[in-house]
**Student:** 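This is the structure I want to talk about, given as structure tokens.
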Amino acid sequence: MARPATEELRRRNRSALLDQLHRRGPQTRAELTEALGLNRSTIGALATDLSESGHIQETTGRSTGAAGRPSTLVECVPEAETVAAVEVRADRVRLALVGLGGTLLARAEVPLEPGADGPEAAELAARLLADTPAAETVAAVPGLVDAGVVAQSTELGWVDRDFRTDLERATGRSWRVADLATAAAVGERSRGDAHRSPNLLYLHGGRGVTAGMIADGRPRRGSSIMLGHVVVNPGGQKCRCGLHGCLEAEMGTFEQSATIEATTTAAWMGDTAAREVVHRSGGLLGRALGSVVTAATPDEVLFGGWLRELYLSSAAAVRSSLAEATLPQLRARLRLRTPALGSEGPLIGAAETGFEALIGEMR
Amino acid sequence: MLLELSRISKSFGPVEVLSEVYLAVDAGEVCALVGDNGAGKSTLVKCIAGIHDINSGTIAVDGAPREIHDPRDAAALGIEVVYQDLALCDNLDVVENLFLGREKLHGVVLDDDAMEQLAAETLDSLAVRTLRDLRQNVASLSGGQRQTVAIAKAVLWNSRLVILDEPTAALGVAQTRQVLELIRRLADQGLAVLFISHNLNDVFAVADRIAALYLGRMAGVVNAADATQSQVVELITSGRSGAVGLPDPNGVQS
């Protein structure tokens, strides 16, 4: 390989420096030198360059408690580059405008009519977005998403919907469409507590149940895992997807997404019927999860959406059936957790996807 | 192992409450201590905390045997206990409670700003978003918020082992969830947590290992990932489950 030309090298280093600041937050020049393995004077030149272009600024910040002049901190200017993330759910469309460094600059939300189709949802997204000056726009949609097309979404009732085209028609911008669970997994790994898990599984509970996977630190290519359509009871209840005995159908996911709070509260207060529902749902979730853990061998599983409430109320049932459905070697180091970012995970993760592309393009 | 108990025995007069109990808790893990009423859970905690002297056995911290005769010894070893009644002062605010008895001084006056900043940082590191105003009196807080303050107080002092005695017993369902997530986060940040609970759901939600006491003896310690609910119930109620458990669960000793 030929040595990259000086200008190209400079661009790469610029992008690496910005990436480091975006991911890890404000740092001193010394810390940057250490982290990037570049020469001190190179870092200095890059920092001057990036502050002239308005991407970063240097502040007198953190005092270390030691004597002497406090060291200057280099930090991102949030407004320099922004990404708009849109989350489409059964009953609402949410928007977050995120600045460089992960700062939330603005947010908005509008209700979505039940049963709305792609163009209607795209129209609402366009209205939320209006004339926001975002460099990248990313949409997170629950379901099976492939190259901008929503192949199947129990939550929205869409089948083979070319949502990217819908969005591009409505807004006149170019879009990335990610599946919501994978976006949330990206969010939890980059901004949540899951940074230690190179193989991360995020379970999303909405009107349907999907799962997003990070494998070896990268979002799994393609789309989400259709956890809700793992058959847990062959020949059981008919599911909306056409199969029989899917996890979604057996748990009654569609109803539970709205009633989980009431059900778990009733179970906690001692209502035997509610206890039975919570215990049974937890057991079924553990069994379906067992198949996925066996196939995908994650290090960590996060229970997102209403599955957080279900897991914390039925952990004994979930873990018992998971223990009965997986090999000891696979579950020994498996961490079961709830997401640190809560319901913000999908939006934050979608924005991170946009930033990764944005910073990548500067290279 | 951060804390290792071996062959701990404790009697009150003729009544033997703990008999040759063993238990180990490592940094970064939640160990749940379960058992029926009167199994000796609280007594074991009080032995570790230095409230009761043990009759025999050893308590080792970082592999070195230690004598713990009063709560100050325990605190010096980095062991903090959050009791059921929380021991918070209702007439003081959140920051004052966190620093009670260990106030930061600036010369001869209290350094309120530094204390407030440190309190905010601690709560922030635990991802506590339920406390808006650190200057409100503890009396005005909900049960879950009070529990959060009590746990944060234990964490603030460079503690390494936090012992929680039934922290969710008096809480509602939403508050229980927050406290469970907080307990898990403590361990994920590198602390050792010993978690006493009656509720097996709570235990399975956060524990890495489950230790079951039965009539003052350790019936068994199982990995939460390998255990099932019925197995743990058997250990609690009969001291035995399959191959795990006491050889003579009826309490007769040879």
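In what follows, chains carry the letters A, B, and so on, assigned in the order in which the sequence lines appear, proteins first and then strands, with residues in each chain numbered from 1. What you are looking at is a predicted structure, and each value in this text was computed from that prediction instead of being measured.
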**Student:** Among Arg308(A), Glu324(A), Met269(A), who wins on heavy-atom pairs under 4.5 Å with chain B?
**Tutor:**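 Looking at each of Arg308(A), Glu324(A), Met269(A) in turn, Arg308(A) comes out on top.
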
**Student:** Could you report the tightest heavy-atom contact between Leu171(B) and Trp268(A), atom names first, then the distance?
**Tutor:**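 So the minimum-distance heavy-atom pair works out to O-CZ2, 2.9 Å.
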
**Student:** Under a 4.5 Å heavy-atom cut-off, does chain B meet the side chain of Ser313(A), its backbone, both or neither?
**Tutor:**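 Contact with chain B involves both backbone and side-chain atoms of Ser313(A).
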
**Student:** Search all heavy atoms of Glu261(A) against all heavy atoms of Arg177(B) and return the closest pair with its distance.
**Tutor:**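 Looking at all heavy atoms of both residues, the closest pair is OE2-NH1, 3.1 Å.
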
**Student:** Rounded at 0.5 Å granularity, tell me how far CZ in Phe204(B) sits from OG in Ser320(A).
**Tutor:**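 Here the interatomic distance stands at 4.5 Å.
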
**Student:** Is His22(A) atom NE2 crowded by more than 12 heavy atoms from other residues, nucleotides or ligands, each under 6.0 Å away?
**Tutor:**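 Correct, the count exceeds 12.
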
**Student:** Decide if atom CZ of Arg24(A) counts as having more than 12 heavy atoms of other residues, nucleotides or ligands within a radius under 6.0 Å.
**Tutor:**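 Atom CZ in Arg24(A) is not crowded, with 12 or fewer foreign heavy atoms closer than 6.0 Å.
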
**Student:** Specify the closest pair of heavy atoms between Thr265(A) and Val173(B), including all atoms of both residues, with the distance to one decimal.
**Tutor:**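 Answer, listing the atom of Thr265(A) first, then Val173(B): OG1-CG1, 3.4 Å.
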
**Student:** In plain terms, say whether Arg335(A) and Asp188(B) are close enough for a salt bridge, that is, a side-chain N and a carboxylate O under 4.0 Å apart.
**Tutor:**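 Answer for the salt bridge query: no.
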
**Student:** What are the two closest non-hydrogen atoms of Ala317(A) and Gln229(B), and how far apart are they?
**Tutor:**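 Looks like N-OE1, 4.3 Å.
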
**Student:** Measuring from atom CG of Asn223(B) to atom CZ of Arg333(A), what distance do you get when rounded to the nearest 0.5 angstrom?
**Tutor:**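 The distance works out to 11.5 Å.
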
**Student:** Between CG of Asp193(A) and CD of Gln189(B), what distance do you get to the nearest 0.5 Å?
**Tutor:**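 These two atoms lie 7.0 Å from each other.
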
**Student:** Taking atom types as modelled, is there a side-chain donor on Glu181(B) or Thr338(A) under 3.5 Å from an acceptor on the other?
**Tutor:**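 Yes, side-chain donor-acceptor contact under 3.5 Å.
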
**Student:** Using every non-hydrogen atom in the two residues, find where Leu200(B) and Ala316(A) come nearest and quote the distance to one decimal.
**Tutor:**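 Reported closest heavy-atom pair: O-CB, 4.1 Å.
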
**Student:** How close do Ala323(A) and Ala225(B) get, heavy atom to heavy atom, and via which atoms?
**Tutor:**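 Closest pair (atom of Ala323(A), atom of Ala225(B), distance): CB-O, 3.4 Å.
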
**Student:** Under 4.5 Å heavy-atom distance to chain B, tell me which part of Arg196(A) shows up: side chain, backbone, both or neither.
**Tutor:**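 The answer is the side chain of Arg196(A).
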
**Student:** Does Arg135(B) CZ have over 12 foreign heavy atoms under 6.0 Å away?
**Tutor:**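 For Arg135(B), atom CZ is crowded (more than 12 foreign heavy atoms under 6.0 Å).
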
**Student:** Roughly how far, to the nearest 0.5 Å, is CG of Asn201(B) from OG1 of Thr264(A)?
**Tutor:**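 Taking OG1 in Thr264(A) and CG in Asn201(B), the distance rounds to 11.0 Å.
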
**Student:** Suppose we screen for side-chain contact (heavy atoms from CB on, under 4.5 Å). Which residues come up paired with Ala96(A), at least two apart in sequence or across chains?
**Tutor:**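 Residues passing side-chain contact (heavy atoms from CB on, under 4.5 Å) with Ala96(A): Val98(A), Leu104(A), Leu347(A).
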
**Student:** To the nearest 0.5 Å, tell me how far Asp226(B) CG sits from Leu322(A) CG.
**Tutor:**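 Output value for this atom pair is 10.5 Å.
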
